[in-house]
Structures are given as structure tokens and as C-alpha cells.
Amino acid sequence: MGILPHQGKVISQGQDGLSIPSKGFSYLCQLNKSSSQLKVIEFVLLGLVHQLSWNITSEQEEKAVSILSDLGLLHLARRQFSQLSGGQQQLVSLAQALVSKPEVLLLDEPTSALDLKHQVEVLDLARQYTKQHNTITIAVLHDLSLAARYCEHLVLLDGGVIKYSGHPDEVLDSDKLSQIYQVHVDVGCCIHGHTHVTPVRTLASESL
């Protein structure tokens, strides 16, 4: 997104990703409680910033209404953004990221400050959008159980370097995770068929 200095290239559709018009990318940052005085629908319209002028067109407002409706948030449209709960703010921020119909959606720790219900809601909606519009969603997640449930391809980093990459069942291995995180890890499957990752104890504790 050009927020931090970086090396290497991002190739999208055979082109350097940074040369593609920014409207093809949307970014949802980690939850940051906002004091914005904007109404929800106005906040969502900011996702069309590259298309906006002094006057909001009926077409642009329809796009905002449509995405709020798709995400089940239309009842919040006239509420003040700052008066929403943290979970509601993150869902509305997701609507802002999706209103421009991005080809690539980038999620940076989208669930880190959310309760269990809103964690599932945010990731369910992101996956729903990805499948319906045949787009790409890239998410940074520290919760490995959520990563296992929602991703199709998992990249495990160690010190900023790719250590393992592949299907979650291949990457989320107890020995691999213990090596990287320096903890004994239990990797299992719940009754619903979802992989769960549970840290047991640090390796350092064995020498105490």
C-alpha cells in the first residue's frame, strides 16, 4: 500500500502492483477506535475518494447503501460512526474498503480487538465478498486457528522471512510451529472439522 518502505515487487495481472490504479486495492487496518463525527454512510463514501467531487451523486450514494445492505449494516447508515461499538466500527470500515469493489482486499489484523462474534462476522463477510466477486483477499492474522479456518493458502513468517508456505494442513504442523514460536503446540481438529492451534507451554519452561 506504500505505507512503509519495502523491497521487492508485487505482481498483479502481469504488472507491477504499485503501477496499477489504487482503486484496484482496498486496505482495512487494525481496529483503531475513531472519534469521527461522520455518519456511517458518509464514512463508507470515503471509500470512493478517488471518484468523489464536491457533490455526491445518487449513483455513489446507491453504492454505499448497497454495500451496507449486503453486509447487514443498513440500519446503522444514519448513526454517527464514533457512537458505534468497536465491532460495529470494524464492520463499517470493511464496508468502506469494499464499496469501491476492489480486486485485491488487504486486511491487517482485522480481528485483533474484536470479540468472538465480530471476529467471525468480519472474516465471514470478507470471505463471502472474495468468493462472490472472484477477488483476492490477503490477511495478516496472529490467530492461527482463524487463519486455518478461513485461508486457502497460508504463509508462515519467521522474522519477516517466509518459513513455510502452502495449504493450512501442511503448514500448521506441531513441530514447525514449535520451532518458530518456541512453544509446544497442540494442533487438532474440533467436532465441526475446523483446525485449532493451542499453545501448551514454552520450550524455555522445560529448563526451569
Side-chain angles (χ1 to χ4, degrees), residues 1-14 16-18 25-32 86-87 90-91 93-94 97-98 102-208:
M1 294 301 294
I3 297 173
L4 297 173
H6 66 280
Q7 295 179 335
K9 291 184 177 181
V10 176
I11 305 300
S12 176
Q13 298 179 356
D16 183 345
L18 298 181
F25 292 79
S26 278
Y27 172 62
L28 177 63
C29 64
Q30 199 167 345
L31 177 64
N32 182 17
Q90 192 70 333
L91 289 168
S93 296
L94 179 61
L98 296 180
E103 297 172 3
V104 179
L105 177 63
L106 306 175
L107 308 178
D108 182 11
E109 276 296 314
T111 61
S112 61
L114 303 183
D115 60 32
L116 294 177
K117 176 185 176 183
H118 286 104
Q119 288 179 21
V120 172
E121 284 182 339
V122 167
L123 294 178
D124 276 349
L125 291 171
R127 181 167 60 182
Q128 175 184 317
Y129 175 86
T130 303
K131 291 185 175 182
Q132 285 182 346
H133 297 275
N134 194 30
T135 58
I136 296 171
T137 294
I138 301 173
V140 176
L141 294 169
H142 285 299
D143 188 322
L144 298 181
S145 296
L146 284 178
R149 177 175 176 180
Y150 285 95
C151 74
E152 296 179 357
H153 187 92
L154 192 149
V155 176
L156 190 61
L157 300 178
D158 183 12
V161 177
I162 294 177
K163 193 72 174 182
Y164 301 104
S165 176
H167 189 276
D169 290 342
E170 300 170 355
V171 175
L172 297 178
D173 171 82
S174 295
D175 292 336
K176 294 175 181 176
L177 296 178
S178 296
Q179 174 191 2
I180 290 178
Y181 291 100
Q182 292 298 293
V183 295
H184 283 291
V185 178
D186 176 48
V187 179
C189 185
C190 72
I191 59 173
H192 300 292
H194 301 306
T195 298
H196 64 77
V197 179
T198 306
V200 180
R201 62 183 181 281
T202 65
L203 298 183
S205 65
E206 295 182 345
S207 60
L208 297 179

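All values reported here derive from a predicted model rather than from experimental measurement.
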In sequence, state the C-alpha distance, the side-chain angles, and the governing distance for Thr137 and Leu107, and then conclude on side chain to side chain contact (heavy atoms under 4.5 Å, CB included). CA-CA 7 Å; Thr137 294; Leu107 308 178; 3.8 Å; yes

Before you tell me yes or no, could you show the steps for Leu141 and Tyr150 under side chain to side chain contact (heavy atoms under 4.5 Å, CB included), namely the whole-Å CA-CA distance, both residues' side-chain angles and the distance that decides it to 0.1 Å? CA-CA 10 Å; Leu141 294 169; Tyr150 285 95; 5.7 Å; no

Does Tyr181 form a side chain to side chain contact (heavy atoms under 4.5 Å, CB included) with Thr202? I'd like the steps, not just the answer. CA-CA 8 Å; Tyr181 291 100; Thr202 65; over 6 Å; no

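Here CD of Gln182 is found 13.0 Å from CZ of Arg201. Values are rounded to the nearest 0.5 Å. Taking CD1 of Ile138 as the start and CG of Asp108 as the end, the distance is 12.0 Å to the nearest 0.5 Å. Rounding to the nearest 0.5 angstrom, the gap separating the OH atom in Tyr164 from the CG atom in Leu177 is 9.0 Å. Here CZ of Arg127 is found 6.5 Å from CZ of Arg149. Values are rounded to the nearest 0.5 Å. We find the SG-CD distance between Cys29 and Glu109 to be 11.5 Å, quoted to the nearest 0.5 Å.
Among all heavy-atom pairs drawn from Pro110 and Leu123, the shortest one is CG-CD2, 4.2 Å. When every heavy atom of Val197 is checked against every heavy atom of Pro199, the shortest pair comes out as O-CD, 3.9 Å. Of all heavy-atom pairs between Leu28 and Ser93, the closest is CD1-CB, 3.5 Å. Across every non-hydrogen atom of Leu106 and Val104, the tightest pair is CD2-CG1, 3.8 Å. Considering every non-hydrogen atom in both Gly166 and Val171, the closest pair reads N-CG2, 3.5 Å. Heavy atoms only, all atoms of each residue included: Ala126 and Leu94 are closest at N-CD2, 4.3 Å.
No side-chain heavy atom of Leu105 sits less than 4.5 Å from a side-chain heavy atom of Thr135. Looking at heavy atoms from C-beta onward, Val200 lies out of side-chain contact with Val183 at the 4.5 angstrom threshold.
Proximity of a side-chain donor or acceptor of Gln119 to a complementary backbone N or O of Leu114 within less than 3.5 Å is detected. When atom types are taken as modelled, the side chain of Gln90 and the backbone of Thr111 share no donor-acceptor pair closer than 3.5 angstrom. Checking side-chain atoms of His167 against main-chain N and O of Asp169 turns up a donor-acceptor pair under 3.5 Å.
The ring pair (Phe, Tyr, Trp, His ring centres under 6.0 Å) pairs that include a residue from residues 103-125 number zero, where partners must be two or more places apart or lie in different chains.
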N/O donor-acceptor pairs under 3.5 Å from side chains in residues 151-161, not counting sequence neighbours:
residue	atom	partner	partner atom	Å
His153	NE2	Ser165	OG	2.7

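His196 pairs in a side-chain contact (heavy atoms from CB on, under 4.5 Å) with only one of the listed residues (Asp186, Val187, Leu146, Leu144), which is Asp186.
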